[in-house]
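For ligands, and for the atoms within them, numbers begin at 1 and follow the listed sequence.
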Amino acid sequence: MIQFNKPHETGDELRYITEAIAAAHLSGDGRFTRLAQEWLERETRAARALLTHSCTAALEMSALLAGVGVGDEIIMPSYTFVSTANAFVLRGAKPVFVDIRPDTLNLDERQVADAIGPRTRAIVAVHYAGVACEMDALSDLARKHGVLLIEDAAQALGSTYRNAPLGTIGDFGALSFHETKNVISGEGGALLVRDDGNFLERAEIIREKGTNRTNFLRGRVDKYRWVDLGSSYLPSEIVAAFLWAQLQHADELLKRRLAIWAGYHERFGALAAAGVVQRPTIPAHVTHNAHMYYLLLQTAHERESVLSTLRELGVHALFHYVPLHSAPAGLRYGRVHGGALPLTDDLSARLIRLPMHYDLGPAELDAVAAAVGAAVGKRVAA
Ligand SMILES: *Cc1c(COP(=O)(O)O)cnc(C)c1O
């Protein structure tokens, strides 16, 4: 069986974890947290990177920083992971779901202006498959309407939009190091803060249970106290040590992953030219991190048969998000802009994700491509 995902070890994880234990600092904000944060700040050029225990936590911090509450509306795609919406619904705000673009499957920026109303407080751009949303248009809209722009960059570490690292273009960016992402720590994430204005100090306070402990540790205040709303969003040093081992190999992981992605892309060229499948589109002004390789099939019905045939042939492929607006909690907590999301409904029902991890070599890519060919051929012949 060719697995869909395989958590990757760089080899240094246990050594760093042992060092963290030897240093007798296992709670958060020790040496490894600092190393990982400095690495992220250097690589992304964000004013500040704060490690969190998940991207979900970083999104919840964004909702707290945005100060959203009951009656506020947040514009986002429906074709995303539940955490994008939950973070804001937990504060009492309402997701307003806007349709996606047919090429990148990202939030359709051309439909966002129409969805902005007096209650809109933020736009959340989700960079699907690590491919950037149209950030110039979204930034202009956010500025013009005085709303925040937040990036769910869970899948996007290492990707850029017009040379700007994803997660650093909006006011805040949320990264994930979940074991299914490119660089991992089991569970893990980070919040990137674009400028070090007043958001930065509040972000530190929110992450440290609503206390000014971070400034206390810097020696800037003589005691630490409860000063604002907050929770516990920082990871332990054991998690940060694992992450540090991964970050040090991030360049090599990115190269390896791009090669696998390109290998798939080339192998599906003929099927795409014949109109049997549609391959991912990468706009010219972005670079991506090969987080995912997906194909769009011709019908939802075909997808079910292709997925089961692939399983029979030893290839573990998957569908992806059930659009939030059609899920029970989405119906309860959200609202659909314009009454319907035809592209979200259509594209989400036709998409399959192929195995993507660092152990895939040419032989595995050949096997996956042959299995997909057989699976779609089978349907065509039926
Ligand atoms: C993975 C993912 C998340 C959640 O990340 P966690 O680190 O598991 O909390 C959120 N949004 C998107 C788009 C994701 O892909």
Side-chain angles (χ1 to χ4, degrees), residues 4-5 7-8 36 40 49-64 74-90 95 97-98 100-101 104-107 122-133 135 138 149-159 161 166-167 169-170 172-192 207 231-236 239-240 242-243 246-247 257 280 288-294 318-325 327 329-330 334 344 347-348 351 353 356-357:
F4 177 74
N5 181 54
H8 177 75
L40 287 169
L50 296 171
L51 286 199
T52 57
H53 54 68
S54 63
C55 177
T56 300
L59 289 166
E60 290 182 20
M61 287 181 66
S62 301
L64 281 159
I74 312 295
I75 292 170
M76 65 178 70
S78 163
Y79 189 61
T80 181
F81 188 59
V82 293
S83 295
T84 320
N86 264 324
F88 297 93
V89 173
L90 278 167
F97 299 119
V98 169
I100 52 176
R101 295 175 55 107
T104 57
L105 279 58
N106 280 331
L107 184 65
I123 301 166
V124 186
V126 182
H127 306 297
Y128 187 65
V131 177
C133 295
M135 296 308 286
L138 292 174
L149 178 59
I150 298 168
E151 296 178 73
D152 181 338
Q155 304 174 9
L157 178 69
S159 301
Y161 174 83
L166 298 190
I169 302 165
F172 321 119
L175 301 176
S176 175
F177 304 116
H178 185 264
E179 76 169 22
T180 51
K181 305 301 200 274
N182 294 21
V183 168
I184 63 174
S185 59
E187 302 278 353
L191 179 75
L192 303 179
R207 178 167 165 272
S231 188
S232 183
Y233 289 125
L234 67 172
S236 90
V239 168
F242 191 106
L243 180 64
Q246 296 261 322
L247 289 174
R257 209 157 174 121
H288 72 109
N289 63 357
H291 173 62
M292 188 192 297
Y293 198 88
Y294 66 80
L318 294 172
F319 56 88
H320 210 185
Y321 308 125
V322 174
L324 300 184
H325 76 279
T344 300
L347 298 167
S348 65
L351 182 139
R353 292 179 292 157
M356 177 55 89
H357 55 75

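The aromatic ring centres of His127 and Tyr161 sit 6.0 Å or more apart.
For Ala57, the heavy-atom gap to ligand 1 stays at 4.0 angstrom or more. Contact between Tyr321 and ligand 1 is present, with at least one heavy atom of the residue lying under 4.0 Å from the ligand. Using a non-hydrogen distance threshold of 4.0 Å, Lys181 registers as a contact of ligand 1.
Side chain of Ser159 to backbone of Val131: no donor-acceptor contact under 3.5 angstrom is found. For the pair Glu60 (side chain) and Asn86 (backbone), a donor-acceptor distance under 3.5 Å is absent. Checking side-chain atoms of Asn106 against main-chain N and O of Ala132 turns up a donor-acceptor pair under 3.5 Å. Glu151 places a side-chain N or O within donor-acceptor distance of the main-chain N or O of Gly170, the cut-off being under 3.5 Å.
The nearest protein atom to atom 15 (O) of ligand 1, hydrogens excluded, is given as Gln155 NE2, 2.8 Å; this is a heavy-atom distance. Scanning all protein heavy atoms for the shortest distance to atom 5 (O) of ligand 1 gives Cys55 CB, 3.2 Å. For atom 12 (C) of ligand 1, the nearest protein heavy atom (residue, atom name, distance) is Ala154 CB, 3.4 Å. Thr56 OG1, 2.5 Å is the protein heavy atom nearest to atom 9 (O) of ligand 1. In this structure, the protein non-hydrogen atom closest to atom 3 (C) of ligand 1 is Phe81 CD2, 3.5 Å.
Here Val126 has side-chain heavy atoms under 4.0 Å from ligand 1, and that is the only part of it that gets that close.
Taking any N or O of His178, backbone or side chain, none lies under 3.5 Å from an N or O belonging to ligand 1. The shortest N or O to N or O distance between Glu187 and ligand 1 is not below 3.5 Å. For the pair Asp152 and ligand 1, the shortest N or O to N or O distance falls below 3.5 Å.
Aromatic ring orientation, Tyr79 versus His320: perpendicular (interplanar angle above 60°, classes split at 30° and 60°).
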